[in-house]
Amino acid sequence: MKEKLGILVEKIRGAQSVVIVGHKNPDGDSVCASLALARLIELNFNKTPVCMYDGNFPNILDNVPNRPCMRYFGHVDVDRPFDLAFILDYGTETNIGGTKNIIDSAGYKIEIDHHKNDAPVADLCLDDINAAATGEIIFKIADDLNWVRDETVNDLIALSLLTDTGFFKFARRGTVLRMMADLVDAGVNIESLSNLLNNKPRKAVLTEAAVASRAEFLFRGRVALATVLRDDYKKLDGRSDTILNLLGHIRGVEYIIMLKQQKESQTSVSLRSRAKPVDEIAAALGGGGHLYAAGAVVHDELENVRARVLELIKGVIK
């Protein structure tokens, strides 16, 4: 790792242009880890990276620090390849989205990720599948290299950790908790950051509640299945994790499936589990993720994807 960090520093110093991207339809970790890294590079190397995203940007993240620095890739005029590209929290190549051409054309590529990926796309990989969030890896890199951090960096890393662990509900190791303790000691206010995320449109919250109320309970109540139809999808805020969280409160539910009809022949699948891992189900659908939280985007009709997912989940819970 020491050698890799040396290359990281060398590449940043030598780059005239830097771009940072995360996965399509970004979440709190993808956005906040990207913005934190950009601010760290600005503070420690006097360079200003361009931060880009593709897909839907969740309203709950509109008030995070340095939000205006995160720009939709289609609105950025790229007249020449970037010298250095960072790709964060992307999981697998299929999750990169429209920024893929920008990444591919860069002079050098560095990835920082906490997802399992057997086919990385970068020249240098600073990955840790045991990390609770990509923001945790960013914090560790900055700490190991003695980089200067300011209040903005600390708040962004804290938001990365809070959102990707479900406010530590999904934390599997104490490392992320000790990291947050250091951030709180440095001035981070968890209550303020939590309130900052309360920023959804009314129609999104009401639609999430309606979708959750229509959920099916299968396999003797062990599986909750929520279906987001196309008209619902247009009203939702980005990833609509609230639906998953609501169903997760129900006694007896061990597995949660959410199907989102993004287009007539494109269905998003989100999987959560309290029992056995569901990452292999996501992999079978062409996606990936973590052991107990995974997903995929399938280019097929909603009913076909539903039948396939239920067949796969049946093999897991038997």
Side-chain angles (χ1 to χ4, degrees), residues 1-2 4-6 8-9 12-13 18 20 22 26-49 51 58-70 86 88-89 110-115 126-200 239 241 245 290 292-293:
M1 179 57 75
K2 185 176 181 180
K4 288 185 176 183
L5 292 179
L8 169 72
V9 171
I12 296 174
R13 282 181 178 157
V18 182
I20 302 173
D27 59 5
D29 187 25
S30 179
V31 169
C32 295
S34 295
L35 290 172
L37 178 60
R39 180 59 179 158
L40 283 165
I41 292 174
E42 185 177 29
L43 286 171
N44 294 275
F45 296 89
N46 197 29
K47 301 175 189 286
T48 303
C51 293
N59 294 111
I60 63 168
L61 301 176
D62 273 341
N63 294 327
V64 302
N66 284 8
R67 163 64 179 94
C69 297
M70 181 66 70
F86 284 93
L88 274 55
D89 197 43
I110 299 175
E111 72 173 55
I112 304 173
D113 200 358
H114 70 128
H115 297 93
L126 299 169
D127 301 337
D128 181 1
I129 62 173
N130 293 313
T134 298
E136 178 181 330
I137 307 173
I138 300 292
F139 181 99
K140 186 69 166 54
I141 289 171
D143 195 48
D144 287 346
L145 292 172
N146 294 313
W147 282 353
V148 173
R149 301 194 323 260
D150 64 2
E151 179 181 345
T152 296
V153 172
N154 289 341
D155 280 348
L156 286 166
I157 291 176
L159 283 164
S160 165
L161 303 181
L162 290 168
T163 55
D164 231 34
T165 64
F167 279 71
F168 305 113
K169 183 168 64 174
F170 309 123
R172 303 292 179 185
R173 299 186 307 159
T175 305
V176 66
L177 298 171
R178 287 186 286 271
M179 192 172 289
M180 181 57 77
D182 289 341
L183 290 168
V184 170
D185 287 343
V188 166
N189 187 314
I190 295 178
E191 182 180 9
S192 295
L193 295 182
S194 176
N195 291 334
L196 176 151
L197 297 173
N198 294 329
N199 193 45
K200 285 188 179 183
R239 301 172 65 83
D241 286 344
N245 294 333
H290 305 291
Y292 300 93

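Residue numbers start at 1 and run along the sequence shown.
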Any donor-acceptor pair under 3.5 Å linking the side-chain atoms of His114 with those of Asp127? no
Take atom CG in Asn198; do more than 12 heavy atoms of anything else shown fall under 6.0 Å from it? yes
Is there a side-chain contact between Leu159 and Leu61, using heavy atoms and a 4.5 Å cut-off? no
If you define the side chain from C-beta out and look only at heavy atoms, does anything of Leu156 sit under 4.5 Å from Thr152? yes
Going through the checks in order, is the side-chain contact (heavy atoms from CB on, under 4.5 Å) test met by Val176 and Phe170? CA-CA 11 Å; Val176 66; Phe170 309 123; over 6 Å; no
Do the two ring centres, one from Phe139 and one from Trp147, sit under 6.0 Å apart? no
No-hydrogen, no-angle side-chain donor-acceptor test under 3.5 Å, Asp89 and Thr134: yes
Distance in Å, Phe168 CZ paired with Leu161 CG, rounded so as to fall on 0.5 Å steps: 6.0 Å
Minimum heavy-atom distance Asn199-Ile60, with the two atoms named: CB-CA, 4.0 Å
What's the spacing between Ile129 CD1 and His290 NE2 if we round to 0.5 Å? 10.5 Å
Heavy-atom pair with the smallest gap, counting every atom of Leu35 and Asn66: CD2-O, 3.5 Å
Rounded to the nearest 0.5 Å, what's the gap from CG on Asn63 to CG on Asn195? Could you check? 11.0 Å
Taking every heavy atom of Val64 against every heavy atom of Cys32, the minimum-distance pair comes out as CG1-SG, 4.1 Å
Hey, what do you get for CG (Leu88) to SG (Cys51), rounding to the nearest 0.5 Å? 9.0 Å
Euclidean distance, Met180 CE relative to Thr175 OG1, rounded to 0.5 Å: 13.5 Å
Electrostatic pair Asp144-Lys140, nearest N-O below 4.0 angstrom: yes
Distance check, rounded to the nearest 0.5 Å: Ile141 atom CD1 versus Leu37 atom CG? 7.5 Å
What one should report as the nearest heavy-atom pair of Ile20 and Pro49 is CD1-CB, 3.8 Å
Using a 4.5 Å cut-off on heavy atoms from C-beta on, say whether the side chain of Phe45 contacts that of Arg13. yes
SB check Glu136 Arg173 (cutoff 4.0 Å): yes
Provide the closest heavy-atom pair for Ile157 versus Gly135 in the form atom of the first, atom of the second, distance. CG2-O, 3.7 Å
Any luck finding a side-chain donor-acceptor pair between Thr163 and Asp29 under 3.5 Å? no
If you define the side chain from C-beta out and look only at heavy atoms, does anything of Arg149 sit under 4.5 Å from Leu183? yes
Ala158 and Val188 have their tightest heavy-atom pair at CB-CG1, 3.7 Å
